[in-house]
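In what follows, every chain begins at residue 1, and chains take the letters A, B, ... in the order their sequences are listed.
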There are 2 protein chains.
Amino acid sequence: MARPREFDPDTAITAAMHLFWDHGYEDASLACLLEAMKITKGSFYKAFADKKSIYLKTLDYYDDKVIGRTVRNLMDTDQGSGADRILALFEAVAASARTDGDRSGCFLCNALIDRAAHDAEIEERLQAMVFRLENGFRAALEDRPHRPDPEWVRATARGVLSSYFGLRVLGKAGLSKTMADDCVAQVRRLIDPKI
Amino acid sequence: MARPREFDPDTAITAAMHLFWDHGYEDASLACLLEAMKITKGSFYKAFADKKSIYLKTLDYYDDKVIGRTVRNLMDTDQGSGADRILALFEAVAASARTDGDRSGCFLCNALIDRAAHDAEIEERLQAMVFRLENGFRAALEDRPHRPDPEWVRATARGVLSSYFGLRVLGKAGLSKTMADDCVAQVRRLIDPKI
DNA sequence: AGAGTTTGGAACCGATTGGTACAAAACACA
DNA sequence: TGTGTTTTGTACCAATCGGTTCCAAACTCT
């Protein structure tokens with residue numbers, strides 16, 4: 001019926017996501033965005049209404065792909081005990097923060113600091129992601145031989161959640177190896193059902 | 001000798017700090033800055049070289065005043081036990097996050113996410129602040145009847161540090177009362193020397 | 001009062017911001 | 001081979017970005 005588009009929307013959104021991820025909303029200019037997505041202005045505004053719209057789409061993409069995978073791993077009973085799954089996540093975060101290459105951190109965490117307080121529509125999406133992550137931790141904590149106290153699960157999940165974001169923030173400060181290890185060790189203490 | 005300046009540099013820097021604090025670097029335009037500081041362009045560029053220079057000054061100001069006071073409180077043996085001082089800090093943070101008025105969070109945390117990865121000069125200052133905060137927690141944790149294991153102090157201080165930043169990030173998501181309480185309760189568990 | 005020095009404010013700067021208008025190009029269908 | 005429809009690239013837009021220049025105003029000192 002008509003001329004087909006020459007770019008793949010999915011790869012374009014991925015590129016946009018990574019730009020927002022490590023530059024934030026304001027600092028990612030339209031020019032940078034177009035260069036990263038390898039499309040021109042016409043195509044951009046035809047496919048995605050404006051800058052904020054594509055920002056929301058990259059948040060949805062992150063929610064679906066990254067948060068989704070993380071939560072799935074936390075809930076996957078094939079990957080060791082619940083405690084193992086939580087610690088594996090933290091080890092991975094600590095490792096990626098240690099390697100001085102990747103300083104981009106967690107898009108959810110960055111976006112919370114960057115825009116949650118200034119845009120209700122964005123805040124809504126971010127809150128939903130935080131909630132999904134919290135539930136992932138809950139599920140992992142519930143997965144024990146002797147079913148733990150629900151209140152312990154709720155409170156501990158939230159402690160683990162805040163440790164997760166804290167580690168992400170510390171990663172931005174340039175984490176030393178011992179710092180990362182210590183943070184993971186504290187999570188290990190938190191999720192120990194004996195204490 | 002010459003015409004005296006009509007504005008107070010200290011109150012101007014305070015105003016600039018609060019603007020950077022809840023808008024970040026890029027989103028705080030020069031026009032907003034001038035309006036908040038209640039000075040005009042001429043005075044601004046005469047007194048502070050450029051935008052980045054005053055950003056660095058606001059960081060120093062925050063370090064000196066806010067971080068300084070926080071660390072002093074953590075080390076002040078007149079304000080209860082070390083554990084009490086740590087919990088008082090977390091209670092205050094949780095309370096300010098609960099009241100839906102204040103969404104600005106912690107300037108250090110915001111700046112870490114906003115600029116640490118993109119500017120070495122800024123990163124350096126932020127790392128120093130993180131280190132001061134860590135030492136504050138260490139001092140508070142050391143202040144116990146039976147002097148605790150230094151390794152326990154170091155590792156726990158870092159766990160508390162990451163919980164602090166985590167709570168700040170969660171505050172941006174709009175904290176429920178139980179969420180805040182749970183996070184503080186987890187810190188209480190972490191700093192318990194028995195576990 | 002006059003000289004010397006610094007501030008304050010406005011005019012101005014080129015570059016960049018996010019966004020629009022529009023015509024040419026590229027396809028599917030008849 | 002047209003015809004209709006969509007994409008693409010370019011030219012263009014006003015507004016804003018951070019920053020400079022310059023001079024009158026405001027002060028201290030002699």
Side-chain angles (χ1 to χ4, degrees), chain A residues 1-61 110-111 114-115 118-122, chain B residues 1-61 110-111 114-115 118-122:
Chain A
M1 286 272 259
R3 176 176 179 175
R5 61 162 47 113
E6 296 174 5
F7 69 96
D8 174 35
D10 228 52
T11 62
I13 287 181
T14 307
M17 177 182 70
H18 282 104
L19 196 72
F20 284 131
W21 191 335
D22 53 49
H23 284 274
Y25 184 77
E26 293 289 341
D27 200 24
S29 75
L30 207 54
C32 301
L33 225 29
L34 298 177
E35 195 192 343
M37 301 169 77
K38 272 173 272 186
I39 59 178
T40 55
K41 232 167 213 184
S43 313
F44 179 89
Y45 280 98
K46 186 76 63 178
F48 320 95
D50 53 16
K51 194 184 170 184
K52 188 187 158 184
S53 294
I54 199 180
Y55 184 74
L56 290 173
K57 286 210 169 181
T58 63
L59 285 182
D60 290 340
Y61 192 91
N110 298 357
D114 186 21
R115 301 235 55 82
H118 302 96
D119 190 302
E121 205 175 347
I122 296 174
Chain B
M1 287 267 263
R3 177 178 177 175
R5 62 162 47 113
E6 296 174 4
F7 68 96
D8 174 35
D10 229 52
T11 61
I13 287 181
T14 307
M17 177 182 70
H18 282 105
L19 196 72
F20 284 131
W21 191 336
D22 53 48
H23 280 89
Y25 184 77
E26 293 289 341
D27 200 24
S29 76
L30 208 53
C32 301
L33 225 28
L34 298 177
E35 195 192 342
M37 301 169 75
K38 271 174 273 187
I39 58 178
T40 54
K41 235 170 211 183
S43 314
F44 179 89
Y45 280 98
K46 187 79 62 177
F48 320 96
D50 54 16
K51 193 183 171 185
K52 189 187 156 184
S53 295
I54 199 179
Y55 185 74
L56 290 174
K57 286 210 169 182
T58 62
L59 286 182
D60 290 341
Y61 192 91
N110 299 357
D114 185 23
R115 300 237 54 83
H118 302 97
D119 190 302
E121 204 176 348
I122 295 174

Notebook entry, point to check: In terms of the angle between their ring planes, are B/His23 and A/His118 parallel, tilted or perpendicular, with boundaries placed at 30° and 60°?
Noted result: tilted
Next item on the list: Between protein and nucleotides 10-15 of chain D, map the contacts as a letter string: B base, S sugar-phosphate only, - none, heavy atoms under 4.0 Å, written 5' to 3'.
Entry: B-----
Item checked: Residues touching DNA chain C, which here means a heavy atom under 4.0 Å, drawn from residues 5-39 of chain B -> B/Arg5, B/Glu6, B/Phe7
Checklist line | Heavy-atom donor-acceptor pair, A/Arg3 side-chain to D/dT7 base, under 3.5 Å | finding: yes
Next item on the list: Quick one: pull up CZ in A/Phe20 and OG1 in A/Thr58 and give me the separation to the nearest 0.5 Å.
Entry: 5.5 Å
Next item on the list: Could you grab the distance from atom CG of B/Asp10 to atom NZ of B/Lys57, nearest 0.5 Å is fine?
Entry: 10.5 Å
Check: Looking at residues at least two apart in the chain, or sitting in another chain, which of them share a side chain to side chain contact (heavy atoms under 4.5 Å, CB included) with A/Ser53?
Finding: A/Ala49, A/Asp50
Notebook entry, point to check: With under 30° as parallel and over 60° as perpendicular, where do the rings of B/His18 and B/Trp21 fit, or are they tilted in between?
Noted result: parallel
Next item on the list: For B/Lys52, check side chain to side chain donor-acceptor pair (under 3.5 Å) against everything at least two apart and list the hits.
Entry: B/Asp119, B/Glu121
Margin query: Nearest whole Å is fine: how far is D/dT16 P from A/Lys51 NZ?
Written below: 15 Å
Next item on the list: Using the test side chain to side chain donor-acceptor pair (under 3.5 Å), find all partners of B/Tyr25 that sit at least two apart in sequence or belong to another chain.
Entry: none
Checklist line | Length of the line joining B/Phe44:CZ and D/dC17:C1', which is rounded to integer Å | finding: 13 Å
Checklist line | B/Asp60 side, atom CG; B/Leu56 side, atom CG - distance, nearest 0.5 Å | finding: 7.0 Å
Margin query: For a quick check of understanding: with a heavy-atom distance under 4.0 Å over all strands, which category does A/Lys46 fall into, base, sugar-phosphate or nothing?
Written below: base
Check: Would you say the side-chain atoms of A/Lys51 pair up with the backbone N or O of A/Ala28, donor to acceptor, closer than 3.5 Å?
Finding: yes
Notebook entry, point to check: For the atom pair CD (B/Glu35) and CG (B/Leu19), what is the distance rounded to the nearest 0.5 Å?
Noted result: 9.0 Å
Next item on the list: Give me the first and last nucleotide of DNA chain C, going 5' to 3', that has any atom under 4.0 Å from a heavy atom of chain B.
Entry: C/dG4 to C/dG9
